[in-house]
Amino acid sequence: MNLKRLNFLIFVSLLGLVFTSCGEEDSTTPSIAPKASFDFTADELTVTFNNTSENAVSYIWLFGDGNKSTDQHPTHTYTEEGTYEVELFATNSSDETKSTKKSVTVKLNVEEDEDAMPEVNITLDGKFDDWAEIDEEHLAIAVLDEKNSELHRLKEVRFIADANYIYMYMKMDILHANAMDIYLNVDGDPETGYNSWMWDAGAANYLMQSSISSNYDMRLAAYDETKGGGWGWLTPNVVEPGMGLMTISEMVQVEDNIYEFEAQILKSLIPNLGDSVSIMIGHSGAEGEDNAWTTSGGLPTVTDSGDKNKGLTVRLK
């Protein structure tokens with residue numbers, strides 16, 4: 001064999017090795033690791049998952065409630081409200097798997113009832129700032145119209161109720177003050193109960209009564225139509241003084257003889273309360289020894305002339 005032929009054979013052999021080596025490198029190119037990721041949207045108890053994983057060909061979803069899915073973009077409905085840990089496993093063509101977790105919270109949408117009773121947090125502390133936190137549309141309010149009444153003892157009253165109490169804010173002139181009468185129309189019937197000269201169709205079924213000297217520790221009497229007129233409020237009482245029908249805060253001076261206080265009336269001691277109650281308040285006490293029971297205040301305003309006012313309607317439910 002001559003030298004030229006030998007060199008040619010060596011060259012061909014080396015060239016074959018080069019091509020073989022290149023072929024082996026191409027067949028062992030490493031795979032790209034998967035990246036697991038997702039986002040979601042929740043509509044009440046139903047959650048739609050958007051799979052944003054990369055370099056993956058198969059998926060497993062664990063929804064945190066014992067259920068799972070292999071869909072790429074699953075939708076899942078939970079049976080109960082709560083927060084669930086959802087985990088997604090993403091696997092590539094080389095069986096490499098990565099995972100990620102997210103907390104998913106689901107809850108039912110509860111439509112707000114515009115007529116629902118507001119939350120009431122009244123504390124009998126004599127500070128009254130908690131009244132300012134209540135929207136006035138939820139309060140029953142009466143303010144004295146001084147130009148249209150000679151009875152100026154009671155200046156302003158506000159009422160609101162919760163499940164247990166009727167709360168009252170009162171501003172009044174305590175000079176010569178004696179007794180407070182709170183008339184309650186619980187059935188809304190203008191034909192039954194006591195109709196005072198002070199208001200239009202008051203038809204009160206019950207009377208709460210006490211004096212300022214006893215810190216307004218009220219009794220409760222039921223109207224007895226057989227006795228007629230004001231005598232219908234005679235004993236026996238439905239609730240006796242000392243039973244806690246009404247509790248008041250300390251009386252806080254505003255100016256001169258003007259004081260304010262707040263009170264809570266225990267609803268469970270008043271029979272036959274329904275969804276609302278109409279309330280009228282009178283007060284007695286004027287200058288002079290013989291005027292302790294003279295009417296000196298009333299809310300809603302007791303007018304001197306013209307149409308009489310009706311009672312304040314206080315919502316109870």
Side-chain angles (χ1 to χ4, degrees), residues 4-123 125 127 129-138 160-165 315 317:
K4 287 183 177 181
R5 182 173 177 80
L6 178 61
N7 289 338
F8 176 76
L9 291 175
I10 293 173
F11 172 76
V12 171
S13 297
L14 291 174
L15 189 63
L17 289 173
V18 170
F19 281 109
T20 301
S21 176
C22 290
E24 290 176 354
E25 288 178 2
D26 290 342
S27 65
T28 58
T29 300
S31 61
I32 302 175
K35 178 183 177 182
S37 64
F38 68 93
D39 52 39
F40 63 90
T41 57
D43 182 8
E44 297 198 32
L45 300 182
T46 298
V47 182
T48 300
F49 294 94
N50 178 37
N51 191 337
T52 57
S53 300
E54 298 176 6
N55 308 316
V57 295
S58 63
Y59 312 95
I60 297 177
W61 296 83
L62 302 181
F63 297 122
D65 63 350
N67 292 296
K68 62 183 178 179
S69 173
T70 57
D71 292 345
Q72 184 175 1
H73 305 287
T75 295
H76 182 63
T77 299
Y78 293 90
T79 59
E80 295 181 354
E81 294 181 320
T83 298
Y84 299 87
E85 290 295 318
V86 175
E87 188 168 12
L88 168 62
F89 295 86
T91 302
N92 67 5
S93 57
S94 298
D95 288 332
E96 289 183 85
T97 300
K98 298 293 183 181
S99 66
T100 185
K101 283 184 179 181
K102 284 187 179 180
S103 295
V104 175
T105 298
V106 293
K107 61 181 179 179
L108 295 170
N109 295 329
V110 179
E111 293 186 7
E112 290 188 8
D113 184 356
E114 294 182 356
D115 295 326
M117 293 286 288
E119 184 177 352
V120 179
N121 294 300
I122 301 295
T123 303
D125 54 10
K127 295 180 180 179
D129 52 349
D130 39 16
W131 288 89
E133 296 176 1
I134 303 172
D135 194 317
E136 286 195 355
E137 69 175 327
H138 298 300
I160 193 168
D162 64 12
N164 299 312
Y165 297 101
R315 184 178 172 187
K317 298 179 181 178

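Basis for what follows: all heavy atoms, side chains included, without hydrogens, waters or symmetry-related copies.
Judged by distance alone, with hydrogens and angles left aside, the side-chain atoms of N92 form a donor-acceptor pair with the main-chain N or O of D95 at under 3.5 Å. Distance alone, capped at 3.5 Å, is enough to place a donor-acceptor pair between the E81 side chain and the L108 backbone. Proximity of a side-chain donor or acceptor of T48 to a complementary backbone N or O of T75 within less than 3.5 Å is not detected. In this structure, S37 contributes its side chain and T52 its backbone to a donor-acceptor pair below 3.5 Å. Between the side chain of D71 and the backbone N or O of H73, no donor-acceptor pair lies under 3.5 Å. With hydrogens and angles ignored, the 3.5 Å screen pairs a side-chain donor or acceptor of D162 with a backbone N or O of Y165. A donor-acceptor contact shorter than 3.5 Å links the side chain of N51 to the backbone of Q72.
Residues A36 and K98 approach most closely at CB-O, 3.6 Å, considering heavy atoms. Taking all atoms of both residues into account, the shortest heavy-atom contact from A161 to R315 is CB-O, 3.5 Å.
Rounding to the nearest 0.5 angstrom, the gap separating the CG atom in D65 from the CG atom in N67 is 4.5 Å. Interatomic distance, D135 CG to I160 CD1, rounded to the nearest 0.5 Å: 9.5 Å. Atom NE2 of H76 is separated from atom CG of L45 by 10.0 Å, given to the nearest 0.5 angstrom. How far CD of E119 is from CD of E133: 10.5 Å, rounded to the nearest 0.5 Å. Here H138 contributes atom NE2 and E136 contributes atom CD; the two are 11.5 Å apart, rounded to the nearest 0.5 Å. If you take CD on E44 and NZ on K107, they are separated by 11.0 Å, rounding to the nearest 0.5 Å.
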For D130 and N121, what are the C-alpha separation, side-chain angles and deciding distance, and is it a side chain to side chain donor-acceptor pair (under 3.5 Å)? CA-CA 7 Å; D130 39 16; N121 294 300; over 6 Å; no
Could you go step by step and tell me if W61 and V86 meet the side-chain contact (heavy atoms from CB on, under 4.5 Å) rule? CA-CA 7 Å; W61 296 83; V86 175; 4.2 Å; yes
Report the C-alpha separation of I122 and W131 in whole Å, then their side-chain angles, then the decisive distance to 0.1 Å, and conclude whether the side-chain contact (heavy atoms from CB on, under 4.5 Å) test is met. CA-CA 7 Å; I122 301 295; W131 288 89; 3.8 Å; yes
Could you walk me through whether I32 and E54 satisfy the side-chain contact (heavy atoms from CB on, under 4.5 Å) test, starting with their C-alpha distance in whole Å, then the side-chain angles of each, then the deciding distance to 0.1 Å, before giving a yes or no? CA-CA 10 Å; I32 302 175; E54 298 176 6; over 6 Å; no
Please assess Y84 against Y78 for the test ring pair (Phe, Tyr, Trp, His ring centres under 6.0 Å), listing each intermediate value before the final yes or no. CA-CA 9 Å; Y84 299 87; Y78 293 90; 4.2 Å; yes
Run the side-chain contact (heavy atoms from CB on, under 4.5 Å) test on K35 and S53 for me, step by step, so that the C-alpha distance in whole Å, both residues' side-chain angles and the decisive distance to 0.1 Å come before the verdict. CA-CA 5 Å; K35 178 183 177 182; S53 300; over 6 Å; no
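L88 has its side chain out of reach of F49: every pair of non-hydrogen atoms, C-beta onward, lies at least 4.5 Å apart.
Because its NZ or CZ atom is both nearer than 6.0 Å to the ring centre of F38 and within 45° of the ring axis, K102 counts as a cation-pi partner of that residue.
Annotation for I60: atom CD1 does not count as buried by contact number, only 12 or fewer foreign heavy atoms lying within 6.0 Å.
For Y59 and F89, the ring centers sit 6.0 Å or farther from each other.
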